Amino acid sequence: MKEINKLSMVYLLCDCNNFFVSCEKIFRPDLKNRPVAVLSNNDGIVVSRSNETKNLGIAMGSPVFKIQDKINRYKIETFSSNFSLYLNISNRVMLCLESFCQDIEVYSVDEAFLCYRNITEAEAIKTAKKIRACVLKQIGITVGIGVATSKTLAKLANHYAKINSYTGGIFSALSDDKRQKILIESPLKEIWGIGPSSEEKLTNEGFKTAYSLSKADPEVMRKKYNINLSRTINELNGIDCIESIVDSDCQNQIMWSRSFKNRLTKIDDIYEALANYVSCACEKLRSLELYAKKMALFIRTSYFGNAKKYSNEIAICLEYPCSDTRVFASAAKILLDRIFVDGYEYAKAGIILYEFTDSRTFQSDLFNKAPNQSELNKNNNLMNAVDKINKDNKDTIYLGALHSLTKVENKKKDKINKDHFSKRYTASFDELPEVF
DNA sequence: TCTGGGGTCCTAGGACCC
DNA sequence: TCTGGGGTCCTAGGACCC
């Protein structure tokens, strides 16, 4: 007899609550029940909030200078973002999730889809409860879990669980009545894949909720909008049509960019910053054992304020792909010279490496544009040695563009602001938490 | 004074070819 | 002077995500 009530595919979307803030709270039990916020690079805006901070009306993305008085008045504890800590905690959470399910798609630093085949709703919910308890006990992080037959519905169910405390952090949209319930209660903007632009267009067409959108004809909407919207409509109806979101082996680009703490006006200062970004991006490129053939570079003034605005981007294609910091740094110099215009106050710059090939299988070409194999090996060995030395002792070796500095770290502090930096509790032995 | 950073995917349109 | 149409490839820009 065919087993009844077994579902061919069920997704459990596990999402860590207030992730960055939760990471900081693990090592600071004194912050329990207190308002906490994690700030972006440069301590510019709020990127993660504890529930207490949310209740004070601090919005995601609030510029810090606009809420400074609230921070003081309510004694909101603020942290500069500490990515090495968050990545480390993230890895621990993912390891814990993997102990429950082999078929897992890590979607971002704080969420993952667990894919189960041929299970019942009761089994799915029982598993979700175990997972939630386990992550909390082992790592000290609270996860919300949405359960559904499509990823888009699992995201909605997860959001529903988060904002309705009666759910205990878990909501299943597997049954028709529950699915209908979350569709009716979810506004368009909560749907995964519907951003501000689509929301506006769809609202103008008379769609109000996820439910009304789910009743639209996917084919008609595909012609009118695009293929993604027709997929979303199918997904809202529980039809699984987003195959895999994880493309782990083939990242297509590496970007490195930062806003400057202070506006920069001189080309030399901007080049110095860019050389630094090139150095970081190339180090990442080498760690992935990739070569890049193209690099784009951009500079821009601030979007805000009354100062004159300027923004430009330019790309270069190398004669042969490589991962040599010196090659990309020279290219950056040429590109910056082309687009830099005197007289502006620059707020941000960045570089993007793309068109990758596998450095392990790269062959020197027939037309001798690329260095021969022994030269390539020599360059690779040099760069790998630099990486190894820097790994043990950061910034021991750096680019000629930074030679004018006595200490790179000191100079960096001039440009990037991190006034509220927490310790790297899990990533550095010098900063392990102490137990009294 | 101070407004993040790092990604992916889709589409329209230009360039080029026959 | 007349100025096709279809295919492919590339790129810029828009939209979205966390």
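Computed from a predicted structure; not experimentally measured. Sequence lines set the chain letters: A, B, ... in the order given, protein chains first and strands last, and positions in each chain run from 1.
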Between [atom2] of [N] and [atom1] of [X], the distance in whole Å:
X: A:Lys66; N: B:dT1; atom1: NZ; atom2: P; answer: 13 Å
X: A:Phe20; N: B:dG6; atom1: CZ; atom2: P; answer: 12 Å
X: A:Tyr277; N: B:dG4; atom1: OH; atom2: C1'; answer: 12 Å
X: A:Ile351; N: B:dG6; atom1: CD1; atom2: C1'; answer: 12 Å
X: A:Ile58; N: B:dT3; atom1: CD1; atom2: C1'; answer: 15 Å
X: A:Asp43; N: B:dT3; atom1: CG; atom2: P; answer: 11 Å
X: A:Glu345; N: B:dT1; atom1: CD; atom2: P; answer: 11 Å
X: A:Met60; N: B:dG5; atom1: CE; atom2: P; answer: 14 Å

Which pairs, with at least one residue in [range] and sequence neighbours excluded, count as a salt bridge (charged side-chain N to carboxylate O under 4.0 Å, His left out)?
range: residues 55-67 of chain A; result: none
range: residues 219-231 of chain A; result: A:Glu205-A:Lys224, A:Glu219-A:Arg222
range: residues 290-313 of chain A; result: A:Lys294-A:Glu355

Considering every strand and a 4.0 Å limit on heavy-atom distances, what is the contact class for A:Leu39: base, sugar-phosphate, or nothing?
nothing
Taking the P atom in each of B:dT3 and C:dC18, what is the distance between them to the nearest angstrom?
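Nearest-Å result for B:dT3 against C:dC18 at atom P: 25 Å.
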Reading DNA chain C 5' to 3', how would its secondary structure be written in dot-bracket notation, given Watson-Crick and G-U pairs with both distances under 3.5 Å, brackets [ ] for crossing pairs and | for partners on other strands?
....||||||||||||||
Residue mapping more 5' on DNA chain B - nearest nucleotide basis, A:Arg300 or A:Asn228
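Its nearest nucleotide being more 5', the pick is A:Arg300.
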With DNA chain B as reference, determine whether A:Arg222 or A:Met255 sits nearer its 5' end, using the nearest nucleotide of each.
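With A:Arg222 and A:Met255 compared, the 5'-side residue is A:Met255.
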How about CD on A:Glu345, more than 12 heavy atoms from neighbouring residues, nucleotides or ligands closer than 6.0 Å, or not?
no
Around atom NZ of A:Lys208, are there more than 12 heavy atoms of other residues, nucleotides or ligands at under 6.0 Å?
no
Does a donor on one side chain sit under 3.5 Å from an acceptor on the other, for A:Arg286 and A:Ser359?
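No, no side-chain donor-acceptor pair sits under 3.5 Å.
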Can you figure out which of B:dG7, B:dC2, B:dG5 approaches the side chain of A:Arg263 most closely?
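Nucleotide nearest to A:Arg263's side chain: B:dC2.
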Residues which pass side-chain contact (heavy atoms from CB on, under 4.5 Å) with A:Phe65, listed by chain and number, not counting sequence neighbours:
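Scan of A:Phe65 (side-chain contact (heavy atoms from CB on, under 4.5 Å), adjacent residues dropped) gives A:Pro63.
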Verify whether the ring centers belonging to A:Tyr291 and A:Tyr320 lie closer than 6.0 Å.
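No: the rings miss the under 6.0 Å criterion.
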Looking at B:dG5, I'd like to know if its phosphate oxygens (OP1 or OP2) sit under 4.0 Å from a side-chain N or O belonging to A:Lys348.
yes
For nucleotides 8-18 of chain C, read 5' to 3', which letter fits each nucleotide if B means a protein heavy atom sits under 4.0 Å from the base, S means only the sugar-phosphate is that close, and - means neither?
---S---SSSS
Can you give me the closest heavy-atom contact between A:Gly144 and A:Asn158, atom names plus distance?
O-ND2, 2.9 Å
